[in-house]
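Structure first, then comments.
The structure displayed is predicted, hence computed values, not measured ones.
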Amino acid sequence: MTMSRRVELSQLVELQRQPDHIRNICILAHVDHGKTTLADSLIASNGIISQRLAGKLRYLDSRPDEQERQITMKSSSIALQYEGHLVNLIDSPGHVDFSSEVSTAIRLCDGAIIVVDVVEGVCPQTRICLRQAYQEKLETVLLLNKLDRLVLEKRMDAAEAYRHLTQVLEQVNAVVGNIFASDVLAKEVISTKDQISALEDTDDSRIYYTPANGNVVFGSALDGWGFTLKTFAKMYQDKLGVPLDQLEQGMWGDYFYSPKKKTIEKGAHEKGRKPLFVQLVLDNLWNIYDLVDNRDPDKLKSISEKLGIPQTARDLKHADIRIPIRNLLSQWLPIDSSLLALILQIVPNPRQIPESKAEKLLCSRMEDFRTFPAQTQALKQDILKCDSAAPNLIVFISKMFPADRSAFPGSVAECFSRMALLDSADGDSEQADEAFLAFARVYSGTLRRGDKVYVIGPKHDPKSLAVQIDHLFVLMGRQLEPVESVPAGNIVGIAGLQNHVLKTATLSSTPYCPPFVDLPQIATPILRVAVEPKDIQNMPRLVRGLKLLNQADACVQVRIQESGEHVLLTLGEVHLERCIKDLVESYAKVELNVSKPIVPFKETIVKFVGTSEENPEEELAKEREREKTVTIHVPSRQSCVKLVAIPLPQEVIELLEGSEPILKAHAAAQDSSEVSQVLQDSLEELKGKLSKLFSEAELEEFNETTVDRIWSFGPKKCGTNILLNHSDFQHSSIWNLKKPERTSNDFRSNYESSFVNGFQLASLAGPLCDEPMQGVCFVVLEWTALPSIQEEDQTTTTVVSHGPLSGQIMSAVKEGCKRAFQNQPQRLVHPMYSCNITVNSDVLGKLYAVLGRRHGRILSADLIEGSGQFDVSAVIPVIESFNFSTEIRKQTSGLAMPQLVFSHWEIVDIDPHWVPTTEEEYEQYGEKADFTNVAKVYMDSIRERKGLAVERKTVEHAEKQRTLSRNK
């Protein structure tokens with residue numbers, strides 16, 4: 001078997017100078033669909049690894065735990081050469097816990113290979129990949145992988161396999177069409193006429209995957225073969241005497257070849273003829289794979305000789321027949337040539353970036369690009385030209401990643417300690433094993449060693465200092481090759497920035513360059529743990545380790561709570577395990593105590609519903625007797641507040657959750673002098689939607705005027721709780737960002753900020769267990785305030801709002817909100833994971849049992865056509881999900897692999913303080929209500945963790961205790 005010649009670094013460096021010959025691509029897919037195996041096959045074509053090891057070596061998985069678990073955990077890049085072009089290939093993870101790594105890869109690329117396992121079809125992560133690729137405007141190629149499984153595992157014949165492939169392709173196109181339609185409709189002005197016309201007018205022919213269009217590759221990455229329709233059309237065009245383009249169009253679909261007329265005709269299914277794809281392609285492949293079961297070395301040898309592929313006698317006699325078959329297929333239909341040829345044709349080079357993408361990089365959705373300074377707007381042209389001689393240097397760093405000492409070449413070894421993790425000013429003489437590099441792409445100009453550049457972080461400070469570039473590397477998977485300069489359009493590793501860049505940044509030679517827009521976040525980190533060193537003297541090392549972890553992992557968040565705890569926020573159990581392992585072994589190098597996972601909750605109130613079926617009258621009467629409104633006086637009796645809490649409609653909560661970025665930008669804009677037009681328009685749109693929802697609400701408290709009475713949102717001015725003003729006080733409008741001059745003579749306006757802050761504090765920590773509130777509307781019915789005698793003196797009016805009354809009002813409002821909350825039926829809200837599992841029908845029952853024990857809920861269980869497997873989608877509370885994957889694998893003998901993604905918040909539908917009161921309830925639940933009140937269990941565990949008072953009987957059945965001495 002021929003070994004590909006290794007590509008020299010000098011060739012790659014030469015190609016880097018020709019932007020028209022560069023392609024930046026990433027591989028995206030669901031977990032275990034074959035991304036890293038495909039990367040191995042492509043790397044083998046450059047002679048970096050042997051073709052025989054492709055698929056076994058997992059070359060780009062350089063971490064030991066990646067090799068153990070057989071999943072990719074970080075995105076890694078490698079530069080490949082193909083037919084005079086430079087292909088920068090980034091392999092990305094498929095596991096949902098590492099989805100942030102996918103964002104970092106996508107941002108640096110112009111195209112992507114979407115890999116789909118033909119047996120499993122479209123999976124949840126495949127949908128996310130397709131959506132991300134669409135949003136970041138990447139040109140994509142679809143690889144239908146693992147065709148060998150259809151014949152060897154599923155035992156399908158060629159015709160069944162063809163039908164199955166068309167179904168998988170339809171699934172993928174259905175997802176793409178859905179994403180496209182929702183995007184077009186979202187951009188359109190919403191009215192019934194427009195919605196239809198918007199979709200009809202838009203050309204969607206280019207977005208779909210069809211083999212005849214030449215954007216689909218069929219293959220098996222493990223066996224190293226792949227083909228497009230053109231590959232086979234070229235083989236057969238002379239033999240069949242049909243023009244190439246006609247043959248290519250007819251090879252997919254209901255067409256057959258008529259030998260008499262020497263033409264391609266339609267209607268293969270009706271006439272009982274084999275479709276061309278089955279006849280010309282699948283039958284040949286199936287004949288070769290049949291030799292796996294019916295071993296026939298002579299037949300294999302004759303096929304190889306006919307195709308002109310040398311096979312050694314030793315290979316033909318090999319115990320594993322797959323070896324000679326792999327040799328035959330990978331040389332007859334090499335996957336690298338068909339896939340890379342297609343990439344060169346479809347993916348744009350860095351000079352062909354669409355204008356909309358360049359603008360999207362520089363300007364977020366909340367800002368208007370036309371309002372930027374002229375120098376900033378000119379940078380868009382620099383990005384589009386991608387000229388290495390341009391005066392303005394623009395580089396985007398999408399993540400910082402640790403590189404092992406062994407990856408660095410000897411020539412850089414002496415500078416290693418300077419690049420090593422952070423400054424070793426802590427007096428730690430310990431030798432560092434890793435150094436941080438920036439994973440970046442040059443968009444304009446040429447980046448050279450020793451250049452002085454501005455580091456522009458996400459929270460841009462124009463006064464930032466220039467930083468010198470230390471070393472530059474071409475990323476070659478596990479190896480790094482040092483270079484002196486990197487021209488525009490290339491992906492590069494930059495050393496020496498670990499003390500200047502946290503996660504992402506933009507480097508530029510001009511201070512006018514804005515920070516690039518943040519990476520889109522796919523998943524929300526929801527799983528938290530508190531960490532502390534076993535030996536408290538190692539605290540500084542843990543703090544330093546957390547800094548490094550925060551830098552190295554794009555998705556982990558490190559927070560220090562008010563209590564002083566160090567908390568890690570991670571995406572899921574696999575991600576959490578990896579973070580703790582990295583902390584202990586690489587970054588902090590100390591033994592840790594890790595708390596049980598902490599799950600955030602929220603608190604809310606619900607509408608009262610009479611619960612007892614026997615005599616609801618009695619219940620309702622009791623409920624009516626309870627006064628809902630709360631009147632509270634400040635200690636000095638100068639002010640009195642009367643308020644009531646009511647639940648917000650679900651639609652309003654969802655709208656406010658979706659509008660969080662707008663409300664955050666609005667809160668930030670209140671402090672700044674100028675307001676962008678885009679934000680003003682977004683606020684107007686939000687106001688219109690809220691007004692519509694309030695006017696449709698069933699509660700009499702809400703109507704058209706409600707929107708103008710909104711005083712504040714909370715907590716942190718961007719949450720889902722609302723403070724409504726129904727008193728005679730004129731509050732400053734939340735919708736008008738231009739601050740009006742204070743003309744009111746009302747004494748209370750000095751205390752307005754204290755009043756609002758009281759509400760913010762109450763909504764941040766509710767009465768149940770100090771967790772934030774959700775979906776509560778506090779209506780202020782009355783607010784009176786009397787100026788005290790000394791404050792009427794003109795000299796002291798300047799300090800009034802900071803005087804003692806302001807603090808009293810804040811405390812009173814906070815206390816009043818909490819009491820009003822407690823006067824309504826209270827509920828906890830907990831986060832839910834959505835969970836997709838594909839299982840065989842025989843273990844379906846066990847799966848249901850595991851979900852039932854953990855308070856999960858099955859949403860759907862559909863039979864996947866032609867496979868005998870069920871696709872189960874369910875939701876499960878995050879707090880119940882620990883060790884869920886392990887338990888499911890045990891119960892189903894390793895056949896089910898759940899993927900958990902944060903989905904939504906859901907109310908725990910039971911009052912945490914409920915105790916039986918009526919006779920029926922006593923009969924059903926017993927005097928002590930022996931059934932477990934889940935909400936109370938959750939609430940008590942949170943209160944215990946926070947050190948709040950917990951009502952608990954420590955002694956259930958007290959008996960007279962005998963002392964030991966009496967027993968003798």
- Message: Between Met400 and Phe439, is there a side-chain heavy-atom distance shorter than 4.5 Å?
- Response: no
- Do Asp553 and His575 have side-chain atoms, one donor and one acceptor, less than 3.5 Å apart? yes
- Task: Take Glu66 and Ile71, measure what side-chain contact (heavy atoms from CB on, under 4.5 Å) needs, and give me the verdict at the end.
- Result: CA-CA 5 Å; Glu66 287 182 310; Ile71 59 170; over 6 Å; no
- Taking atom CG of Leu150 and atom CG of Leu165, what is their separation to the nearest 0.5 Å? 6.0 Å
- Task: Any chance you could measure His30, atom NE2, to Thr126, atom OG1, to the nearest 0.5 Å?
- Result: 6.0 Å
- Side-chain donor-acceptor contact under 3.5 Å, Glu120 with His33: yes
- Please test Asp940 against Ile942 for side-chain contact (heavy atoms from CB on, under 4.5 Å), starting from the C-alpha separation and ending with a verdict. CA-CA 5 Å; Asp940 285 350; Ile942 300 167; over 6 Å; no
- Task: Give the C-alpha distance, both sets of side-chain angles, the deciding distance and a yes or no for side chain to side chain donor-acceptor pair (under 3.5 Å) between Asn550 and Lys503.
- Result: CA-CA 8 Å; Asn550 195 22; Lys503 292 190 180 187; 3.1 Å; yes
- Query: Is a donor on one side and an acceptor on the other found under 3.5 Å between the side chain of His164 and the backbone of Val118?
  - Reply: yes
- For Gly572 against Tyr833, the heavy-atom pair lying closest together: CA-OH, 4.1 Å
- Flag side-chain contact, heavy atom, 4.5 Å: Pro525 against Thr570: no
- Lys146: partners by side-chain contact (heavy atoms from CB on, under 4.5 Å), with sequence neighbours left out: Asp117, Asp148, Arg149
- Item | Pair Tyr209-Thr140, side-chain donor/acceptor within less than 3.5 Å | yes
- Query: Side-chain contact, heavy-atom cut-off 4.5 Å: Asn836 with Cys123?
  - Reply: no
- Item | Full working for salt bridge (Lys or Arg N to Asp or Glu O under 4.0 Å) between Asp40 and Arg58 | CA-CA 6 Å; Asp40 272 6; Arg58 301 178 68 91; over 6 Å; no
- N-O pairing of Arg322 and Asp320 below 4.0 Å: no
- Of the non-hydrogen atoms in Ser92 and Ser75, which two are nearest, and what is the gap between them? CA-CB, 4.1 Å
- Message: Does either side chain, that of Arg559 or that of Gln557, offer a donor lying less than 3.5 Å from an acceptor on the other one?
- Response: yes
- Message: Using a 3.5 Å distance criterion without hydrogens, assess whether the side chain of Gln171 forms a donor-acceptor pair with backbone atoms of Val122.
- Response: yes
- Go through the steps for Glu906 and Lys602 under the test salt bridge (Lys or Arg N to Asp or Glu O under 4.0 Å), then give the verdict. CA-CA 9 Å; Glu906 196 170 281; Lys602 289 184 180 176; over 6 Å; no
- Message: Could you go through Lys534 and Glu591, starting from their C-alpha distance and side-chain angles, then the distance that decides it, and tell me whether this counts as salt bridge (Lys or Arg N to Asp or Glu O under 4.0 Å)?
- Response: CA-CA 6 Å; Lys534 283 191 176 169; Glu591 288 192 20; 3.6 Å; yes
- Query: Is any side-chain heavy atom of Arg578 less than 4.5 Å from a side-chain heavy atom of Phe98?
  - Reply: yes
- Task: Would you please test Val217 and Leu142 for side-chain contact (heavy atoms from CB on, under 4.5 Å) and show each step?
- Result: CA-CA 6 Å; Val217 180; Leu142 179 70; over 6 Å; no
- Item | Results of side-chain contact (heavy atoms from CB on, under 4.5 Å) for Asp336 - residues two or more places apart only | Leu42, Ser45, Pro334, Leu340
- Say whether, by atom type as modelled, one donor and one acceptor occur between the side chain of Glu532 and the main chain of Asn593 under 3.5 angstrom. no
- Item | Minimum heavy-atom distance between Ser41 and Ile335, given as atom pair plus value | CB-CG2, 3.7 Å
- Item | Heavy-atom donor-acceptor pair, Ser398 side chain to Thr104 backbone, under 3.5 Å | yes
- Is the backbone N or O of His95 less than 3.5 Å from a side-chain atom of Gln899, with the two atoms forming a donor-acceptor pair by type? no
- Item | Member of Val292, Leu291, Asp293 meeting the side chain to side chain contact (heavy atoms under 4.5 Å, CB included) criterion with Tyr289 | Val292
- Message: Walk me through whether Asp91 and Ser76 qualify under side chain to side chain donor-acceptor pair (under 3.5 Å).
- Response: CA-CA 6 Å; Asp91 181 27; Ser76 7; 5.4 Å; no
- Inter-residue atom distance Ile113.CD1 - Cys26.SG, 0.5 Å rounding: 8.5 Å
- Task: Tell me yes or no: between the side chains of Thr72 and Asp61, is some donor less than 3.5 Å from an acceptor?
- Result: yes
- Query: Is there side-chain contact between His904 and Val875, with heavy atoms separated by less than 4.5 Å?
  - Reply: yes
- Task: Answer yes or no: is there a donor N or O on one side and an acceptor on the other, between the side chain of Glu585 and the main chain of Asp582, under 3.5 Å?
- Result: no
- Task: Report the relative orientation of the aromatic rings in Trp905 and Phe902; use parallel for angles under 30°, tilted for 30 to 60°, perpendicular for over 60°.
- Result: perpendicular
- Item | side-chain contact (heavy atoms from CB on, under 4.5 Å) between Val116 and Asn145, worked out | CA-CA 6 Å; Val116 176; Asn145 194 18; over 6 Å; no
- Item | Glu101 side-chain N/O to Pro93 backbone N/O, donor-acceptor pair under 3.5 Å | no
- Give every residue pair that meets the salt bridge (Lys or Arg N to Asp or Glu O under 4.0 Å) criterion with at least one member in residues 833-853, sequence neighbours excluded. Arg853-Glu887
- Task: Any chance you could measure Leu89, atom CG, to Ile25, atom CD1, to the nearest 0.5 Å?
- Result: 5.0 Å
- Message: If the test is salt bridge (charged side-chain N to carboxylate O under 4.0 Å, His left out), which one of Lys946, Arg943, Arg827 qualifies with Glu771?
- Response: Lys946
- Could you pull out the closest heavy-atom pair between Cys835 and Ile876, with the gap in Å? CB-CG2, 4.5 Å
- What is the distance from atom SG of Cys129 to atom CD1 of Ile106, rounded to the nearest 0.5 Å? 6.5 Å
- Task: Calculate, to the nearest 0.5 Å, the distance between atoms CD1 and CG belonging to Ile888 and Leu851 respectively.
- Result: 5.5 Å
- Item | Distance flag, aromatic centroids of Phe601 and Tyr938, threshold under 6.0 Å | yes
- Do Gln561 and His566 come within less than 4.5 Å of each other through their side chains, counting heavy atoms only? no
- Closest heavy-atom pair and its distance - Leu282, Ala158: CD1-O, 3.4 Å
- Is atom NZ of Lys890 surrounded by more than 12 heavy atoms (other residues, nucleotides or ligands) closer than 6.0 Å? no
- Shortest non-hydrogen contact from Asp157 to Glu160? OD1-N, 2.8 Å
- Scan Ile325, Leu285, Ile288 and name whichever one has a side chain to side chain contact (heavy atoms under 4.5 Å, CB included) with Trp225. Leu285
- Item | Side chain proximity check, Val590 to Val584, heavy atoms < 4.5 angstrom | no
- Item | Val934 side chain near His855 side chain, heavy-atom distance below 4.5 Å | yes
